[in-house]
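Have a look at the structure below, then the notes.
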Amino acid sequence: MAKVKITETVLRDGHQSLIATRMRTDEMLSVIEKMDKVGYHSLEMWGGATFDACLRFLNEDPWERLRVIRAKVKNTKLQMLLRGQNILGYKNYSDDVVDEFVRLSIKNGIDIIRIFDALNDLRNIETAIKATKKYGGHAQGTVVYTISPVHNTEVYVNLAKKVQDMGADSLCIKDMSGILTPYYGYELIKELKKNIDIPIQLHTHCTSGMTDMTYLKAIEAGVDIIDTALSPFGLGTSQPPTEPIVATFKGTEFDTGLDMDLLCEIAEHFKGVKDKYMQNGILNPNVFNVDTKVLSYQVPGGMLSNLMSQLAQANALDKYNQVLLEVPKVREDLGFPPLVTPSSQFVGTQAVMNVVAGERYKMIPNEIKDYVRGKYGKPSVPISEDIKKKIIGDEEIITCRPADLIPPQLTSIKGEMKEYYEQEEDVLSYALFPQVALKFFKDRQAAKYKIDSELVDKEQKTYPV
Ligand code: CO
């Protein structure tokens with residue numbers, strides 16, 4: 001048995017899960033060279049919500065974050081998370097935009113791209129996998145884990161085989177809600193190892209309180225790589241903490257080989273960062289509660305708080321338990337989609353509407369209509385005629401890959417933002433988050449003008465004419 005490899009998530013999922021993705025680049029840079037010396041398999045530090053958060057909340061260029069980290073990380077692979085045809089946004093993009101995004105991610109320093117689709121419709125990850133290979137990156141194909149009467153080991157093994165056949169370099173089992181149990185996790189990894197040859201990485205969250213045990217059993221079953229977050233940004237809704245995992249396997253056949261002294265030094269730094277977000281209120285201590293609702297209702301943590309705020313807006317917080325019971329029913333009606341962005345949002349909204357309106361499917365959000373039309377891809381099981389009729393009447397359903405209906409977009413996007421263009425990466429920032437990027441570009445121009453005029457001032461003072 002080979003030693004277990006570790007992907008460190010403190011720079012992406014760790015802070016995305018605990019402090020709403022607010023960690024700044026300067027809070028990463030002072031320890032990044034130390035992190036490069038630990039012996040990690042990879043550092044997950046980009047993609048997911050970091051791109052949006054950089055532009056929207058931090059006034060940082062996400063591309064610049066990638067470049068400055070790459071410049072300091074010489075030995076360790078840099079990894080990102082990509083939502084297939086959604087890239088890092090919330091809708092499907094044309095193939096030329098996906099291809100260009102992947103090209104520039106790799107050009108600026110990404111080594112490994114983890115690519116997933118919320119519905120496990122593998123047609124939605126095909127373009128991104130091909131592009132990653134084309135530009136010399138490591139394409140990690142992903143199977144999203146969920147629990148339903150139609151999801152079983154056979155389904156997962158078949159999906160994994162298809163991911164391997166698509167040319168992926170490795171497979172990720174992504175358990176975004178932390179519902180994979182230790183013994184089933186063992187069985188699943190054993191079966192996957194029997195059926196595919198590419199390395200298998202397990203990604204999960206501590207939400208339900210079982211995850212350290214799940215990692216232990218998955219490692220005994222032969223999983224190759226696991227995701228952990230340094231202790232200040234581990235546990236709760238994040239990943240298991242890195243240091244105890246490293247200590248657990250030290251001296252065994254699974255020894256991770258990571259430098260424990262360095263890990264402790266780096267953890268000390270991130271403890272300071274965590275304290276700052278604790279003090280300014282961005283870190284809500286509730287994220288560390290063990291959430292057992294996720295086990296009974298399959299509702300991931302982030303979705304619970306969304307449901308609460310929707311109910312509060314409708315002045316119907318007393319209906320919370322009814323909504324929780326409605327979520328699995330809506331999910332069944334819709335063919336058991338895994339609950340991850342974006343399906344978690346629209347299933348939740350429909351459940352709230354069904355309860356608040358007092359009649360099921362009286363009000364229907366557009367996203368649900370598009371989902372039933374097939375615009376997000378194929379559901380895990382076909383939706384019944386009855387439900388289909390209720391939601392979209394006699395409309396036709398799309399059976400092709402949804403992105404086949406989207407003509408190339410890159411040229412027109414370039415045209416729209418050309419007056420702000422400073423680097424080719426700007427086109428992609430604009431493509432994903434037009435309003436947010438535009439504001440960022442304008443601020444950037446204004447700041448530059450200010451710096452320029454300050455320089456002129458200084459020169460005039462130093463060298464008076
Ligand atoms: Co995650």
Side-chain angles (χ1 to χ4, degrees), residues 5-23 40-53 78-84 86-90 110 112-120 125 140-147 170-181 185 188 200-212 214-215 218 223 225-242 245 283-284 287-288 290-291 294-295 298-306 337-345:
K5 295 177 180 162
I6 303 276
T7 291
E8 173 60 56
T9 65
V10 66
L11 305 179
R12 204 282 299 176
D13 209 356
H15 72 103
Q16 181 172 331
S17 298
L18 300 185
I19 57 164
T21 333
R22 295 301 204 278
M23 202 186 287
Y40 289 120
H41 166 69
S42 63
L43 295 174
E44 192 202 35
M45 46 62 71
W46 215 61
T50 62
F51 196 94
D52 188 3
L78 297 182
Q79 184 165 333
M80 73 171 289
L81 178 68
L82 189 90
R83 278 199 285 274
N86 295 166
I87 311 181
L88 303 173
Y90 303 101
I110 288 291
I112 303 171
I113 307 188
R114 176 178 295 169
I115 304 156
F116 82 99
D117 175 62
L119 302 181
N120 278 331
I125 66 172
Q140 181 168 77
T142 303
V143 172
V144 166
Y145 178 73
T146 189
I147 298 175
S170 61
L171 172 78
C172 174
I173 298 292
K174 180 178 166 69
D175 173 21
M176 57 282 166
S177 319
I179 51 177
L180 180 64
T181 58
L188 178 63
I200 301 174
Q201 180 154 12
L202 181 58
H203 175 84
T204 172
H205 289 254
C206 298
T207 322
S208 70
M210 303 181 291
T211 305
D212 299 279
T214 305
Y215 271 174
V223 80
I225 314 154
I226 54 169
D227 287 5
T228 66
L230 272 160
S231 55
F233 283 89
L235 295 171
T237 47
S238 175
Q239 275 79 53
T242 307
I245 295 273
L283 176 61
N284 178 343
V287 295
F288 294 109
V290 170
D291 177 6
V294 82
L295 291 174
Q298 311 284 319
V299 178
M303 193 175 157
L304 286 175
S305 47
N306 277 344
L339 296 179
V340 62
T341 304
S343 51
S344 51
Q345 280 89 332

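Both counts, for ligands and for their atoms, begin at 1 and track the order of listing.
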Tested for side-chain hydrogen bond (donor to acceptor under 3.5 Å, both in side chains) against Q239, the lone hit among T211, D227, T204, D13 is D13

With the Co ion (ligand 1) as the centre, enumerate protein N/O/S atoms below 2.8 Å in chain and residue order.
D13 OD2, H203 NE2, H205 NE2

Taking atom types as modelled and ignoring hydrogens, do the side chains of Q140 and S170 form a donor-acceptor contact shorter than 3.5 angstrom?
yes

Side chain of S17, backbone of G14: donor and acceptor closer than 3.5 Å?
no

Residues in side-chain hydrogen bond (donor to acceptor under 3.5 Å, both in side chains) with T228, at least two apart?
T242

Residues that Y145 engages under side-chain hydrogen bond (donor to acceptor under 3.5 Å, both in side chains), provided they are two or more places apart:
none

Listed by chain and number, what are the salt bridge (charged side-chain N to carboxylate O under 4.0 Å, His left out) partners of R83, not counting sequence neighbours?
none

